[in-house]
Amino acid sequence: MAMFRQKFVDDRIYMVKLFDQAAIWAAHHEYPRIYEVEVECVVEDDPDAPGTAFQCEKARIVNVYKIPPEMLLAARKKLLL
């Protein structure tokens, strides 16, 4: 499953609920990290992945996680499918 954004809005924070889903989205960045956030406004479905991904205008970072190497490798393989 190739992942791409049909409609990216740069004033939004995009989120998923599961760490392994976040790893797939983060895997294409040079320094992949997963940010745990507390939302500070209304959350909406991400139109590219309704029910799976969400978006909001404002959130506060409460924790930052490095992705374990084996999970990062698996996530990058999924990006190639």
Side-chain angles (χ1 to χ4, degrees):
M1 167 175 68
M3 301 183 80
F4 61 92
R5 290 225 158 267
Q6 293 177 5
K7 183 180 177 189
F8 176 78
V9 182
D10 64 3
D11 68 345
R12 300 288 177 152
I13 293 101
Y14 293 93
M15 305 163 286
V16 294
K17 291 182 179 183
L18 302 176
F19 194 91
D20 61 334
Q21 290 174 337
I24 295 169
W25 289 102
H28 72 282
H29 292 280
E30 185 176 356
Y31 301 103
R33 299 287 186 267
I34 294 176
Y35 298 90
E36 180 179 354
V37 299
E38 286 184 3
V39 176
E40 298 181 343
C41 60
V42 175
V43 174
E44 305 167 335
D45 272 341
D46 178 349
D48 290 338
T52 302
F54 307 91
Q55 63 181 355
C56 70
E57 292 181 358
K58 187 174 180 181
R60 183 173 61 87
I61 297 171
V62 295
N63 213 335
V64 181
Y65 302 95
K66 289 184 178 179
I67 303 169
E70 63 279 357
M71 183 179 276
L72 184 58
L73 181 60
R76 287 184 170 154
K77 286 181 180 178
K78 284 186 179 185
L79 288 173
L80 299 175
L81 297 179

| Are Val43 and Val37 in one and the same hydrophobic cluster, where Ile, Leu, Val, Met, Phe, Trp and Tyr link if side-chain heavy atoms are under 4.5 Å apart? | yes
| note | Under a side-chain separation threshold of 4.5 Å, the hydrophobic residues clustered together with Leu18 are none
| said: So, taking the atom named CG in Asp11 and the one named SG in Cys56, what distance separates them when rounded to the nearest 0.5 Å? | reply: 10.5 Å
| Of the options Val16, Asp45, Ile13, which is the one that meets Phe54 in a side-chain contact (heavy atoms from CB on, under 4.5 Å)? | Asp45
| query | Can you name the closest pair of heavy atoms from Pro47 and Gln55 and give their distance? | reply | CD-NE2, 3.7 Å
| message | Applying side-chain contact (heavy atoms from CB on, under 4.5 Å), can you list everything that pairs with Ala49, at least two apart in sequence or on another chain? | response | Thr52, Ala53
| task | Report yes if some heavy atom in the side chain of Met15 is under 4.5 Å from a heavy atom in the side chain of Tyr35; otherwise report no. | result | no
| request: Specify the closest pair of heavy atoms between Ala27 and Ala75, including all atoms of both residues, with the distance to one decimal. | output: CB-CB, 3.8 Å
Could you pull out all donor-acceptor pairs under 3.5 Å where a side-chain atom in residues 59-71 meets a protein atom, sequence neighbours excluded?
| from | atom 1 | to | atom 2 | distance (Å) |
| --- | --- | --- | --- | --- |
| Arg60 | NH2 | Glu38 | OE1 | 2.7 |
| Asn63 | ND2 | Tyr65 | OH | 3.2 |
| Tyr65 | OH | Glu36 | OE1 | 2.5 |

| message | Within this structure, what is the CD-CD1 distance for the pair Gln21 and Ile34, rounded to the nearest 0.5 Å? | response | 10.5 Å
